[in-house]
Amino acid sequence: MSESTTAEPAVPGATPTPTTTAQETTSDVNTDTGAPPPQPGATPTAPTEPKPSATAAASAPTPTTKNEKEPQNDLTKKFTDAEWKALKAFRSQLPEIFSEAYADEPKLKNEPTKIWGISVDPSNPTADARVSVVLMKFLRARSLNVAEARKMLTATLIWRDVTFKVQDALKEEFPEDVYGKMAHIVGKDKEGQPVVYNLYGVNQDANAVFGDVERFLRWRVGVQERTVMQLDFETVDQTVQIHDYANAPSRTPESKKAATLASSIFGDHYPELLSKKLFVSVPTIMTWIFWAFKPILPSATFAKMSVVGPGTETIKKALLPIIDEEEIPTHYGGKLDAGF
């Protein structure tokens, strides 16, 4: 966003200032200096420039830059001029957004709240550059449309703190024999982004995993929160997801519903946090799973997804362009002891 100032254009329809005529210069007051005209025979004196008043000097605009008096980090320094412009407009609306989101929770209206581990203070959002990175996620997800980003953030605050209660989900304990081996947040990609592996074939009891859809969603959101909380929002602000369908049980109505709802939650409330998503060990006959996501995901998110067939070498070959061999789990032919 360009913060340089330009002269104000003439306002269409405004009444022009009358031009002084030759006759009017014979009046008793000099129109340029405000002093009486010189008398005949008097020694002329050079007119003096009027000094600006203290009030006028105080009200004169001061040039500013887009990051004046604002902390920066590696990610905010990459914001474009258009993004800065949208961000400043968006941040100015935070008090209203909080008031709307927490209309039924008066104590939360003026208090900071955590989004992905970052404390967002509606009254002082410029104090931490990471807050700007978080807010930019919502703006980019809505093509820098401030009004639409506002709707998205408002809905996310309501979902996080009022209806779903994410912080409570993080504290919940889930059956170890059901979910204990299904998710592993291990290693980094070549850009330092955390990688999470979701193994859907380690538990063959689909009813135990998906039968209680609400419980599955709360567990899955907990995994997502722990993953994004590994982001520092200073140099890294996205994650890599690997979904492994090796030996996955047949899909059930409950598993389909759970997958649809989870995708909707992540699309609505975790915008622009995904760098890459790979579906691996997917039999050719089951590639329809990949296309099933297309109608419910933004096109930009769908473009980050790819399907990889079964086999250690096939998966390793797909992972190597984005993850160093030392960071690839041994399960996929790499050198990282990931515990699965």
Side-chain angles (χ1 to χ4, degrees), residues 74-75 116 137 179-204 209 219-249 251 255 258-259 262-263 266-267 270-294 296-340:
D74 289 349
L75 295 175
W116 315 326
K137 298 293 185 183
Y179 300 110
K181 298 179 180 180
M182 287 185 61
H184 303 266
I185 308 168
V186 291
K188 309 282 185 182
D189 75 349
K190 293 181 178 181
E191 297 180 13
Q193 301 174 138
V195 184
V196 57
Y197 297 86
N198 297 287
L199 313 179
Y200 292 105
V202 296
N203 191 332
Q204 295 293 305
V209 176
W219 167 79
R220 186 65 186 84
V221 165
V223 173
Q224 177 72 355
E225 281 287 313
R226 282 186 282 274
T227 304
V228 298
M229 286 171 66
Q230 291 197 13
L231 303 173
D232 61 16
F233 293 99
E234 294 178 343
T235 58
V236 179
D237 64 343
Q238 290 188 314
T239 69
V240 175
Q241 295 181 12
I242 311 296
H243 294 264
D244 191 334
Y245 286 89
N247 303 315
R251 285 167 65 83
S255 68
S263 295
F266 297 150
Y270 295 89
E272 299 295 314
L273 288 167
L274 180 66
S275 174
K276 188 73 175 176
K277 176 183 285 189
L278 286 79
F279 297 88
V280 306
S281 300
V282 179
T284 303
I285 196 173
M286 292 181 63
T287 55
W288 62 270
I289 294 176
F290 173 69
W291 297 103
F293 285 99
K294 189 172 184 178
I296 60 177
L297 291 175
S299 58
T301 300
F302 188 76
K304 299 175 181 179
M305 300 163 61
S306 58
V307 174
V308 181
T312 300
E313 287 303 316
T314 299
I315 297 172
K316 180 181 179 181
K317 183 178 179 180
L319 294 179
L320 278 173
I322 58 175
I323 306 174
D324 289 328
E325 186 174 16
E326 290 74 17
E327 293 289 312
I328 295 176
T330 54
H331 184 75
Y332 301 116
K335 299 180 179 180
L336 178 66
D337 182 3
F340 65 91

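Residues Trp116 and Leu273 are in side-chain contact: their nearest non-hydrogen atoms beyond the backbone lie under 4.5 Å apart.
Using a distance-only test at 3.5 Å, with no hydrogens or angles considered, no donor-acceptor pair links the side chain of Ser255 to the main chain of Arg251. In terms of modelled atom types and a separation under 3.5 Å, the side chain of Lys304 and the main chain of Leu278 share no donor-acceptor contact.
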Please table the atom pairs, donor to acceptor, closer than 3.5 Å between any side-chain atom in residues 195-204 and protein atoms at least two apart or in another chain.
unit_1	atom_1	unit_2	atom_2	d
Tyr200	OH	His243	ND1	3.2
Asn203	OD1	Asp205	N	2.9
Asn203	ND2	Val178	O	3.1
Gln204	NE2	Gly201	O	2.8
Gln204	NE2	Asn247	O	2.5

Show which side-chain atoms of residues 182-193 pair as donor or acceptor with protein atoms under 3.5 Å away, not counting sequence neighbours.
unit_1	atom_1	unit_2	atom_2	d
His184	NE2	Lys181	O	3.0
Asp189	OD1	Glu191	N	2.9
Asp189	OD1	Gly192	N	3.0
Asp189	OD1	Gln193	N	2.7
Asp189	OD2	Gln193	NE2	2.6
Lys190	NZ	Leu320	O	3.0
Gln193	NE2	Ser275	OG	3.1

Compile the donor-acceptor pairs under 3.5 Å between side chains in residues 228-235 and protein atoms, sequence neighbours left out, one pair per line.
unit_1	atom_1	unit_2	atom_2	d
Asp232	OD1	Glu234	N	2.8
Asp232	OD1	Thr235	N	2.9
Asp232	OD1	Val236	N	3.0
Asp232	OD2	Thr235	OG1	2.9

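With rounding to the nearest 0.5 Å, the separation of CG in Leu75 from CD in Gln238 is 9.5 Å.
Between Val308 and Ile315 the shortest heavy-atom distance is CG1-CA, 4.0 Å. Summarising the geometry of Tyr332 relative to Ile328, their closest heavy-atom pair is CB-CG2, 3.9 Å, with the distance given to 0.1 Å.
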Steps toward side-chain contact (heavy atoms from CB on, under 4.5 Å) verdict (Val240, Ile242): CA-CA 7 Å; Val240 175; Ile242 311 296; 4.1 Å; yes

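Listed by first and then second residue, the side chain to side chain donor-acceptor pair (under 3.5 Å) pairs involving residues 312-325 are Lys316-Glu325 (not counting sequence neighbours).
Glu272 is linked by a salt bridge (Lys or Arg N to Asp or Glu O under 4.0 Å) to nothing, counting only residues two or more places apart in sequence or in another chain. Residues satisfying the salt bridge (Lys or Arg N to Asp or Glu O under 4.0 Å) criterion with Lys276, sequence neighbours excluded, are absent altogether. Every residue meeting the side-chain hydrogen bond (donor to acceptor under 3.5 Å, both in side chains) condition with Ser281, not counting sequence neighbours, appears here in chain and number order: Asp244. By the ring-ring contact (aromatic ring centres under 6.0 Å, His included) test, Phe266 pairs with Tyr270, sequence neighbours left out.
Aromatic ring pairs are classed by plane angle as parallel below 30°, tilted from 30° to 60° and perpendicular above 60°; the pair Phe340 and His331 is tilted.
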